[in-house]
Amino acid sequence: MLFRVFAKDQLINLYDILAVNHIVGPVSKGVDRHGAPLYDFDFIYDFAELQLDYTATIHSLKRFVLPPRETLCTFDLQKDSWQKHVDFNAYKPTVYFGLHACDINALNKLDKVLIGNVYPDPYYAAKRKNMFIIGVGCTPQPFCFCKSMGTDSVLHGFDLFLTDLGDSYFAEIHSARAFAFMSSLECREPRHSEHLRFVEVNQERMNRFTCHVDTTDLTKILDLEFQAEVWQEWGRKCLSCGTCANVCPTCYCYGIEENVDLGLQHATKTKHLYSCNLIDFAEVAGGHNFRPESHDRLKYRYYHKHRGFVEAFEESLCVGCGRCGQSCLANITVPEVIASVRGEGANHA
Amino acid sequence: MHKLPFVDVLAEKQNHARKQDLTSFEYTFQAEITNVYPLTTTEKLYQIQIIDPEERQRFSFQPGQFVMLELPGIGEAPFSISSSPIRHGDIELCIRAVGNMTDFLARVPRGTRVGISGPFGTSFPVEQMQGHDIMLIAGGLGIVPLRAPIFAVLENRNRFGNIDIIYGARNPSELLFTYQYDMWRQFDINLNIIVDTGDADWQGPVGRITTILEQRIAAAPNMGKNTYAIVCGPPVMFKFVCDMLLKAHLPMQQIFVSLERRMHCGRGKCCRCNIGSTYTCLEGPVFDYWSVMNMKEAI
Amino acid sequence: MTAKEHTYLGVPVKKPKVAFFEFTSCEGCQLQLLNNEATLVDFLALLNIVNFREAMSEQSDDYEIAFVEGSITRDDEAEQLKEIRARAQTLVAIGSCACFGGVNQLKNRFNDLAWVKEQVYGSHPIESREAMPLSAIVPVDLEIYGCPIKKEEVERVVTNLVLGKSIDYPKYPVCVECKANHNVCLFDLGQPCLGPITRAGCDAWCPSNRLGCWGCRGPAEKPNVRQLRQIMHEHGFSDEQMLDRLECFGGFGQYVSELKSASKE
Amino acid sequence: MKVSCNIKVNHLTRVEGHGNIRIRIKNGQVEEAGWDVVETPRFFEAILVGKLWENAPYLCGRICGICSIGHTLASIRAVENAFGIVPDRQTAGLRLLLKHMETLQSHILHLYFLAAPDFLHIGSVLPLVQTHPEVVQRATRLKLLANDACDIIGGRRVHPTRTVVGGFTMLPEKSQLALIKARLEAALPDLVKTAQLFQTFSLPDFVRETEFVSLKGRDHYPFIGGDLVSSDGVVKKEDEYLQMTNEYMVDHSTSKWSRLSRQSLAAGALARFNNNFAFLHPKAREVAASFSLQPVNHNPFMNNIAQLVECVHVVIDSIVIIEELLAAKWQEPRQPVIPKAGRGVGAVEVPRGILYHAYEFDQAGRITRADCVIPTSQNNANIHYDIIELARQSAAQQRTDAEIQRLAEMLVRAYDPCISCSVH
Ligand SMILES: Cc1cc2nc3c(=O)[nH]c(=O)nc-3n(C[C@H](O)[C@H](O)[C@H](O)COP(=O)(O)OP(=O)(O)OC[C@H]3O[C@@H](n4cnc5c(N)ncnc54)[C@H](O)[C@@H]3O)c2cc1C
Ligand code: SF4
Ligand code: SF4
Ligand code: SF4
């Protein structure tokens, strides 16, 4: 990896260099009822909109790589035959400006199942291949537990990663194209003092984590506690609204719907993101539901993320961003649920 | 100003084990329904042929695998291939009308173009079963996925030991493939059929599958290690039948089941078929009983 | 219009004869049908409309599908509905009034029709009975929810009806669609919302416009109303405010009485 | 031969709601004639009692599917007047714009879909899809524009979602407004064509003198709030509306009737035109002149033309409003609401005439009394006496049964009655 340092006022130049492309980044979405600022990822048309010192975004980046609704293909029907037209819905390369480590890690995890598996998902892959990612160091929030999930720093899956050293940015360059961009910027090799400052800044950040999840033997504990009473308690709270999965950067399950146009000559096949928390997720022919109760479904979400994925890919499908807990109206958070399953939380029966 | 180059995934050759480039993962074979045979009031047998002769020949599958059958604009659903593997892309599907896509399919005439993708999923280890006795146990629609291994076994009948088919249905009118029973018997297959409730013409036994299985096990006290079993049917049936087989000393890894889940992609993406966190479409639908025991909420 | 006979995947598609009727309602749902400007012509081409009083003078009693708007609040309406039921093969209730009683059923909450009449008409005699959904009088084949109905959904339902394809509604709540639209949760903005318990299908129409959901589409499958009540309390909303929304369209009948008795405790 | 006929139109078509026409003429003498409303009442005024203030606009919009925006705005105005909230310029501008777009969509719906078939001697607009596709396309283009604008400003074309007491829940994108402005500009030629189409129709020559009631313009053609005026010279304040409407019940109608200085009064496009002609945009006045329409006109069939004139006016005025909104910086969309005890009235000119909502609140902002007076109920008596007069004139002119029935139906349609709304 190559490192560079550039003064903060150079950032706008970096933006300008990239601005011929579509740019997505954190923008302000007003304030919540307590006056706290809200952020979300959106297209950026003006450098002033870019809020690099954002706390966390409500939704993840997922809408850009796994849109909540996506047309997979269309059909033209003739009297006795039909044609299928496939469009991967990727047209433009896009710069993602200002992703935190957790979100970059989330994409890396999605890659494993959506690109690495025997059947790659071409719709995802097409968008994924057209990303230019600029990461940025974050300030841990009270709900962040990425440190516990091992996703508090990111080793690959980005082009450039910026760390705020006060009056300058420390840039990790991870791709040739990023290197090319940096060469049109006023920047230089970091000095030794800046190496130290970089380490120091990261250490300070490490010390700020307040939220933890104990993942020791979690795969086994989830198996052992499959029948635990706490699941029922969480289930009674859960609204089965799927919000947790919708805001999660790594939840990817979906449903398919096919519709015929009013003219009866065309049809479309649409994919829409689903959630394993929704009531009919595991319903099959004849109406049998493999997970009829909300606690069955809630449990399954944890089971998939913290056990199944680990078995398949040696790592958890959760990056510890805490969004699901933040968005859950019933206050169901990963740290509390896992603690209670481990028999530690206040909620343990 | 730097314009990022657009990466056309369509063009980019991927080094995937299975296919050459990413488009192939969305490829649908155009196929024609060449014949439709009503089997009962709700099930029909569809003969479906891939139109392009080359594609038809290239399409090969193992008994137990399934395809996604698509009616454009109506829906797509997984169905076990119910015909002999040697027939390649000229397959038979036996389909029960239970919902959106299957109800529409029941109205579709001969000659209609449909889409097929696959084959997907794991298969029954027919090779491995050679030299052994085989018990094929089916309840209701469970006979459908068993028909492909039955064909495979019959084609090399002399390589297998005793073959038992135990098949239960709710009543005689729901029995599938009745026209093939004589043929199966001619191949020295011990075919046992039982119904929950008989009717005026019914000569055979009445009761549960387990009744017959019990008799079979009692008659062959040392079936144990030498026997492979394939079990297919409604979830409630699995547990009882597999328990009995275990008691009869069949090793867990010689008992196979085919599980049914909701599937929207068949490609390990939509998560709809996950059991615990195992994809039924990738690691199944055929599982050995050990794996099933190991998965939460499998049956 | 002359019908072009279609087949779809080899299945013959017949233009059904359809009729539209309205009972006690604002006629907004019928208007929504005419509001399909962009697709109106295609929509009309799918159907053979034989009766649509709001838009045409020709009338016929020979129809296969009847779309009925409005709730039943008078005996003559009940009688006419029964006639429609007898004629139509498929009876489709459109809008919350027809499906649940709609806003009209709010008058039922007083359990005092005489007082209600007196409020509006004084001593002048007027005929009216408790507002009822169609299904309280006759069997209903299909329900299209919403106040008002959503044209995209109507078009989908009608296309599916014409094709003979099954018609499914989301079983999950509005939150799913709200999140898909990347809205900020109304509770975070300090507004109450019934999204977590209301059946989706409207594409989170109101929350996407920053108005909390009032539950016009009725309950989602197995809604967790008890938990939502607690959430309302945590966010500073009273049982009364929750009740206002819950009882607004009549879809949550059972939960309204539960909440009423719970808030008395 | 003297005219004898017995006309009974049950559930008149191509109007909103359920009304019946009856005319019995024997030997040239009108024995009986009139207008009956058989719509089932919904009792909104009772429903509102005991509800918190925030329910009022939400529920009252549902009085009418066609003018739900007008009802919502009238209701909001009543609540705001009771709580002493004055909308800022941005809110007022957006509300008027929204109101205009509802007027446009409602008038176009009436002119093309409900009224025009009569003049073309067809049962509905459907045959035109084949014979005159360009007419249907023009109608849908205009209606779509108005509806899209309602979606963008009010959140939804039927039963708006963004309109709340205190302002709006959220604002449209300025780029969306700019797009609407461009479409409005492009709509003017369509309106000219509409006028040309209506020039080819022969409007029945029928006059019965009546009293016209509307809002009183001060410097603008009035739509939201202000004083009330009648063509007979009565002027009242907004909250004195009861003295303008004087509602009463008749046996043959579930909708109430109104009167002021005479036996009946008329509200609607023609009333607004007659009372506020001076405030119309010159282009709109030109259109009126091309139909020789000038105030005070007493031919109810001319209400169609007055609607057309208003379409031109609201389109031009909307362009002006959008220009102003685009030039200003967006302000907070919503003012805080602090309920208090009191009474508030909101009068709004909806497509069919002047609409009043009035509420009384207790300390906590719960409604203790509600009253809504709908344009069509103000028009009922006028429609009734017009039918009688039409029957009389027809008998004198020896018209055929079919002709009398057609004229009577057209007459009622000319009022564009919103019957379900009037029986709320
Ligand atoms: C590996 C596999 C092999 C199968 N083989 C056969 C077969 O050979 N013959 C046959 O008749 N059926 C088979 N099925 C079941 C078949 O896929 C479903 O009956 C079919 O998907 C129903 O689709 P539909 O659109 O008609 O029903 P829908 O209208 O989608 O649904 C009707 C009911 O079926 C449920 N359902 C929807 N999709 C599925 C699904 N994929 N699996 C199970 N239930 C579902 C719904 O929740 C609902 O309760 C198989 C299923 C799997 C997973
Ligand atoms: S855990 Fe929370 S966000 Fe997730 S489905 Fe349950 S209630 Fe909704
Ligand atoms: S499960 Fe929750 S904490 Fe984990 S990645 Fe998803 S949203 Fe973030
Ligand atoms: S958000 Fe709620 S109230 Fe609004 S349309 Fe949807 S279901 Fe109805």
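Source: prediction; values computed, not measured. Atom set for the values below is all heavy atoms of this structure, side chains included, hydrogens, waters and symmetry mates excluded.
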> If you count heavy-atom pairs under 4.5 Å between each of C:Val225, C:Asp42, C:Leu189, C:Val176 and chain A, which one has the most?
Replying inline: C:Val176
>> So for C:Asp203, is it side chain, backbone, both, or neither that comes closer than 4.5 Å to the heavy atoms of chain A?
In response: side chain
> Which of these, C:Val68, C:Asn51, C:Ile49, sits in a side-chain contact (heavy atoms from CB on, under 4.5 Å) with C:Phe20?
Replying inline: C:Ile49
> Does A:Lys271 make a cation-pi contact with A:Tyr254 (under 6.0 Å, within 45 degrees of the axis)?
Replying inline: yes
> Side chain, backbone, both or neither: which part of C:Thr159 has an atom under 4.5 Å from a heavy atom of chain A?
Replying inline: side chain
> Is it the backbone or the side chain of A:Asn259 that comes under 4.5 Å from a heavy atom of chain C, or both, or neither?
Replying inline: both
> After noting the C-alpha distance and the side-chain angles of C:Glu64 and C:Lys14, does the key distance pass the side-chain contact (heavy atoms from CB on, under 4.5 Å) rule?
Replying inline: CA-CA 11 Å; C:Glu64 289 142 358; C:Lys14 208 170 120 260; 3.1 Å; yes
> Listed by residue number, which members of residues 139-157 of chain C have a heavy atom under 4.5 Å from any heavy atom of chain A?
Replying inline: C:Glu155, C:Arg156
> Hey, which of C:Glu234, C:His233, C:Arg226 is the one that makes side-chain hydrogen bond (donor to acceptor under 3.5 Å, both in side chains) with C:Gln230?
Replying inline: C:Glu234
> Is the closest side-chain donor-acceptor distance between A:Thr74 and A:Lys269 under 3.5 Å?
Replying inline: no
> Between C:Tyr8 and chain A, which part of the residue has a heavy atom less than 4.5 Å away: side chain, backbone, both or neither?
Replying inline: side chain
>> Taking every non-hydrogen pair under 4.5 Å, which of A:Leu278, A:Asp40, A:Asp80 racks up the most with chain C?
In response: A:Leu278
> So which of C:Val162, C:Asn183, C:Val158 has the biggest tally of heavy-atom pairs under 4.5 Å with chain A?
Replying inline: C:Asn183
>> Assess the residue pair A:Tyr274 and A:Asp280 against the criterion (side-chain hydrogen bond (donor to acceptor under 3.5 Å, both in side chains)); give the C-alpha distance rounded to whole Å, side-chain angles, the decisive distance to 0.1 Å, and a yes or no.
In response: CA-CA 10 Å; A:Tyr274 225 75; A:Asp280 56 349; 2.7 Å; yes
>> Could you walk me through whether A:Gln78 and A:Gln83 satisfy the side-chain hydrogen bond (donor to acceptor under 3.5 Å, both in side chains) test, starting with their C-alpha distance in whole Å, then the side-chain angles of each, then the deciding distance to 0.1 Å, before giving a yes or no?
In response: CA-CA 8 Å; A:Gln78 288 88 39; A:Gln83 272 79 48; 3.3 Å; yes
> With under 30° as parallel and over 60° as perpendicular, where do the rings of A:Phe43 and A:Phe64 fit, or are they tilted in between?
Replying inline: perpendicular
> Using non-hydrogen atoms only, which part of A:Leu38 is less than 4.5 Å away from chain C: side chain, backbone, both, or neither?
Replying inline: side chain
>> Taking side chain as everything from C-beta outward and backbone as N, CA, C, O, which of these in A:Asn331 sits under 4.5 Å from a heavy atom of chain C? Side chain, backbone, both or neither.
In response: side chain
> Who among A:Arg236, A:His272, A:Lys79 has the most heavy-atom pairs with chain C under 4.5 Å?
Replying inline: A:Arg236
>> Less than 4.5 Å to any heavy atom of chain C: does that hold for the side chain of A:Ile279, its backbone, both, or neither?
In response: side chain
> Side chain, backbone, both or neither: which part of A:Thr243 has an atom under 4.5 Å from a heavy atom of chain C?
Replying inline: both
> Measuring heavy-atom distances to chain A, does C:Leu46 have an atom under 4.5 Å in its side chain, in its backbone, in both, or in neither?
Replying inline: side chain
> With respect to chain C, which residue among A:Arg69, A:Glu257, A:Arg33 yields the maximal number of heavy-atom pairs within a distance under 4.5 Å?
Replying inline: A:Arg33
> Which is it for C:Val18 and C:Val50 under the side-chain contact (heavy atoms from CB on, under 4.5 Å) test, yes or no, and what are the steps along the way?
Replying inline: CA-CA 6 Å; C:Val18 304; C:Val50 299; over 6 Å; no
>> Shorter than 4.5 Å, heavy atoms on both sides: which option in C:His235, C:Glu177, C:Gln227 has the most such pairs with chain A?
In response: C:Gln227
> Taking all non-hydrogen atoms of both residues, which atom of C:Phe237 and which atom of C:Gly190 are closest, and how far apart?
Replying inline: CZ-O, 3.4 Å
> Do you see a donor-acceptor pair shorter than 3.5 Å between the side chains of C:Gln241 and C:Asp244?
Replying inline: no
> Does the pair A:Arg63 and C:Asn181 meet the rule for a side-chain hydrogen bond (donor to acceptor under 3.5 Å, both in side chains), with working shown?
Replying inline: CA-CA 9 Å; A:Arg63 78 184 255 212; C:Asn181 288 342; over 6 Å; no
> With distance as the sole criterion, is a donor-acceptor pair present between the side chains of A:Arg323 and A:Ser60 under 3.5 Å?
Replying inline: no
> Distance only, no hydrogens: is a donor on one side chain within 3.5 Å (strictly under) of an acceptor on the other, for A:Asn89 and A:Glu70?
Replying inline: yes
> Quick one: of A:Leu273, A:Asn246, A:Val260, A:Ile58, who has the most non-hydrogen atom pairs under 4.5 Å with chain C?
Replying inline: A:Val260
> Between A:Pro67, A:Cys238, A:Ser275, A:Ser294, which shows the greatest number of heavy-atom pairs under 4.5 Å with chain C?
Replying inline: A:Cys238
